[in-house]
Peer 1: 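Take a look at the following structure, please.
What you are looking at is a predicted structure, and each value in this text was computed from that prediction instead of being measured. Ligands are counted one by one from 1 in listed order, and the atoms in each one are counted from 1 as well.
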Amino acid sequence: MKIRSAKVIVTCPGRNLVTLKIETDEGVYGIGDATLNGREKAVVAYLEDHVIPTLIGKDPQRIEDTWQYLYRGAYWRRGPVTMTAIAAVDVALWDIKAKMANMPLYQLLGGKSREKVMVYGHATGLDIESCLEEVQKHVDLGYKAVRVQCGIPGVPTTYGVAKEAGKPYEPADSALPAEHVWSTEKYLNHVPKLFAAVREQFGDDLHILHDAHHRLTPIQAARLGKEVEPYHLFWLEDCTPAEHQASYETIRQHTTTPLAIGEVFSSLHDCQELIQKQLIDYIRATITHAGGITNVRRIADFAALYHVKTGFHGATDLSPVCMGAALHFDTWVPNFGIQEHMPHTAETDAVFPHAYEFKDGFFTPGEVPGHGVDIDEKLAAKYPYKPAYLPVNRLEDGTLWNW
Ligand code: CS2
Ligand code: MG
């Protein structure tokens with residue numbers, strides 16, 4: 001069996017999404033997500049100019065060897081562009097292998113560890129009241145876990161808050177990065193009130209998650225974690241950047257609030273110390289940005305040794321192909337924690353027909369062979385690429401800050 005051809009499909013049904021399609025000489029094809037928010041074209045070029053030519057004629061069944069070829073052979077290892085490109089190839093090959101085996105992908109990984117996958121939704125509001133209304137909507141839909149983000153009085157635009165109720169808060173619709181203004185002080189003085197209000201209205205059983213999006217220093221994160229302990233969050237996410245992984249020791253020694261990080265990680269080396277020293281509780285490195293199923297399986301197995309669970313990133317800037325592959329992985333992985341779920345637009349779901357299903361706060365991956373997601377290339381062609389960037393963030397004094 002050989003790889004006969006491969007191509008990159010860029011489509012923008014509400015936001016830019018990049019898909020790699022690999023076709024074999026036996027007529028079976030597989031697809032992988034290659035979307036990197038705001039850097040989509042970099043991954044397209046990496047795949048088209050530097051990866052696809054090396055794949056033609058290769059045996060698509062040799063998933064591990066291909067992964068090693070693209071990782072070690074690239075010389076320039078790691079990083080989001082490289083690992084997203086490798087991930088797209090890897091997921092497409094796993095899709096092919098599962099189709100050849102006539103099995104849903106989770107069977108190939110080792111079978112079910114659970115009947116269904118708990119997900120968390122996003123409730124956002126310009127103020128606490130409107131955020132509580134969104135929480136209610138998610139509870140009514142059956143979600144057992146909800147991420148809550150709200151506007152901060154005195155801060156003009158706050159990360160992760162939709163401009164319109166119920167709408168996704170991304171993509172940014174600016175052809176160049178918008179500049180946001182941020183005040184950590186105002187945020188730290190306000191956000192504990194949000195969790196108090198959620199607990200007051202919804203009681204203790206609802207899982208509450210929150211994303212600080214790298215905006216705190218370690219000691220500020222320690223303060224926040226300590227202050228919100230009475231509201232027992234499911235997790236506080238990305239509370240500080242982790243290039244210096246030991247930063248999390250400062251946070252860990254002050255608070256029992258569970259910590260999650262990793263959506264920007266592309267390799268085990270980005271989180272080895274965080275996991276080994278048990279400085280975090282959930283690793284969020286996801287299949288599309290951390291080198292695919294082959295690599296994320298290594299990260300998950302390593303994390304399991306240290307009581308760290310998975311909590312895959314699943315925002316709308318990851319395509320349904322990523323969601324499909326993630327749900328099969330989530331169905332198998334023994335140290336599963338939770339899966340993020342931001343519903344894609346109806347246009348996106350039409351471009352990417354899929355077998356996964358939502359019911360009462362949980363997903364099932366579907367039983368069709370492969371990861372269960374396809375791409376309608378004709379429909380995809382109707383949505384041309386549209387430049388869009390993540391914003392950049394400045395403190396009130398103009399200092400360029402973490403976003
Ligand atoms: C967020 C993301 O979902 C999350 O946890 O951090 O929406 C993030 O802002 C985007 O995925 C960045 O591309
Ligand atoms: Mg996040």
Side-chain angles (χ1 to χ4, degrees), residues 12 14-18 33-43 79-81 83-84 87 119-124 134 138 143 145-150 157-163 167-174 177-178 180 182 187 191 207-216 221 224 233-242 258-266 270-271 274 280-290 310-323 326 337-345 348 386-393 401-403:
C12 187
R15 64 142 13 265
N16 294 311
L17 297 168
V18 181
D33 182 20
T35 307
L36 185 63
N37 195 348
R39 296 294 180 275
E40 295 86 359
K41 290 293 187 77
V43 182
V81 174
M83 300 308 280
T84 298
V119 293
Y120 69 90
H122 281 223
T124 79
E134 289 302 306
H138 282 81
Y143 283 89
V146 185
R147 187 183 95 160
V148 292
Q149 309 287 140
C150 73
T157 43
T158 305
Y159 151 69
V161 176
K163 295 187 189 72
K167 290 265 185 296
Y169 57 81
E170 75 89 37
D173 46 11
S174 51
H180 288 175
W182 174 254
Y187 164 79
V191 79
H207 294 308
I208 303 177
L209 299 89
H210 182 71
D211 190 348
H213 227 262
H214 308 112
R215 296 176 178 216
L216 307 179
L224 179 61
L233 269 58
F234 185 91
W235 79 33
L236 176 60
E237 175 185 341
D238 283 350
C239 54
T240 199
L259 302 174
I261 190 168
E263 68 183 55
V264 299
F265 293 170
S266 64
D270 294 329
C271 50
L274 287 164
I280 59 172
D281 305 281
Y282 297 91
I283 181 64
R284 285 180 48 70
T286 193
I287 287 173
T288 293
H289 296 145
T310 63
F312 282 158
H313 185 207
T316 41
D317 51 286
L318 294 160
S319 92
V321 181
C322 179
M323 190 66 181
I338 198 166
Q339 168 68 49
E340 179 174 5
H341 172 235
M342 280 174 80
H344 289 101
T345 61
T348 301
K386 196 169 147 238
Y389 287 88
L390 290 165
V392 297
N393 200 28
W401 193 241
N402 302 314
W403 183 82

Peer 1: Strictly under 4.0 Å, does any heavy atom of Trp403 approach an atom of ligand 1?
Peer 2: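 Checking ligand 1 against Trp403, which is what was asked, there is a heavy-atom contact under 4.0 Å.
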Peer 1: Taking the six-membered ring for Trp and the single ring otherwise, decide whether the centroids of Tyr282 and Phe234 are under 6.0 Å apart.
Peer 2: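 So the answer is yes for these two rings.
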Peer 1: Under 4.0 Å between a Lys/Arg side-chain N and an Asp/Glu carboxylate O for Asp211 and Arg147?
Peer 2: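 Yes.
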Peer 1: Which of the atoms in ligand 1, numbered in the order shown and given with their element, are less than 4.0 Å from a heavy-atom of Arg284?
Peer 2: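 Per the distance check, 4 (C), 5 (O).
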Peer 1: Identify which protein N/O/S atoms are less than 2.8 Å from the Mg ion (ligand 2).
Peer 2: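 Listed by chain and number, the nearby protein N, O or S atoms are Asp211 OD2, Glu237 OE2, Glu263 OE1.
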Peer 1: Return yes or no for this condition: an N or O of Arg147 is under 3.5 Å from an N or O of ligand 1.
Peer 2: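 So ligand 1 has an N or O lying under 3.5 Å from an N or O of Arg147.
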Peer 1: Please name the residue in the list Ile287, Asp33, Thr35 that meets the side-chain contact (heavy atoms from CB on, under 4.5 Å) test with Leu318.
Peer 2: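 Single side-chain contact (heavy atoms from CB on, under 4.5 Å) partner of Leu318 among Ile287, Asp33, Thr35: Asp33.
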Peer 1: Just by distance, do the side chain of Glu237 and the backbone of His213 share a donor-acceptor pair under 3.5 Å?
Peer 2: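 Between the backbone of His213 and the side chain of Glu237 there is no qualifying donor-acceptor contact (under 3.5 Å).
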Peer 1: Is the terminal nitrogen or CZ of Arg215 (NZ for Lys, CZ for Arg) located under 6.0 angstrom from the six-membered ring centre of Trp401 and within 45° of that ring's axis?
Peer 2: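 Because its charged atom misses either the 6.0 Å distance or the 45° angle limit, Arg215 does not stack over Trp401.
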Peer 1: Show the atoms of ligand 1 that are less than 4.0 angstrom away from any heavy atom in Asn37.
Peer 2: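 Close to Asn37: 12 (C), 13 (O).
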Peer 1: Hey, what's the ring geometry for His313 with His289, parallel, tilted or perpendicular (30° and 60° as the breaks)?
Peer 2: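 It falls in the tilted class, 30° to 60°.
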Peer 1: Just checking, any donor-acceptor pair under 3.5 angstrom between side chains of His122 and Glu340?
Peer 2: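 Glu340 and His122 do have a side-chain donor-acceptor pair below 3.5 Å.
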Peer 1: Distance-only, no hydrogens or angles: does the Thr345 side chain make a donor-acceptor pair with backbone N or O of Gly14 under 3.5 Å?
Peer 2: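 The answer is no, because no donor-acceptor pair under 3.5 Å joins these two groups.
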Peer 1: What atoms in ligand 1 come closer than 4.0 Å to a heavy atom of His313?
Peer 2: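 Result: 2 (C), 3 (O), 4 (C), 11 (O).
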Peer 1: What is the nearest protein non-hydrogen atom to atom 3 (O) of ligand 1, stated with its residue, atom name and distance?
Peer 2: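 Closest protein heavy atom to atom 3 (O) of ligand 1: Glu340 OE2, 2.4 Å.
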Peer 1: Note the single closest protein heavy atom to atom 10 (C) of ligand 1, along with its residue, its atom name and the distance in Å.
Peer 2: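 Checking every protein heavy atom, the shortest distance to atom 10 (C) of ligand 1 gives Asp317 OD1, 3.4 Å.
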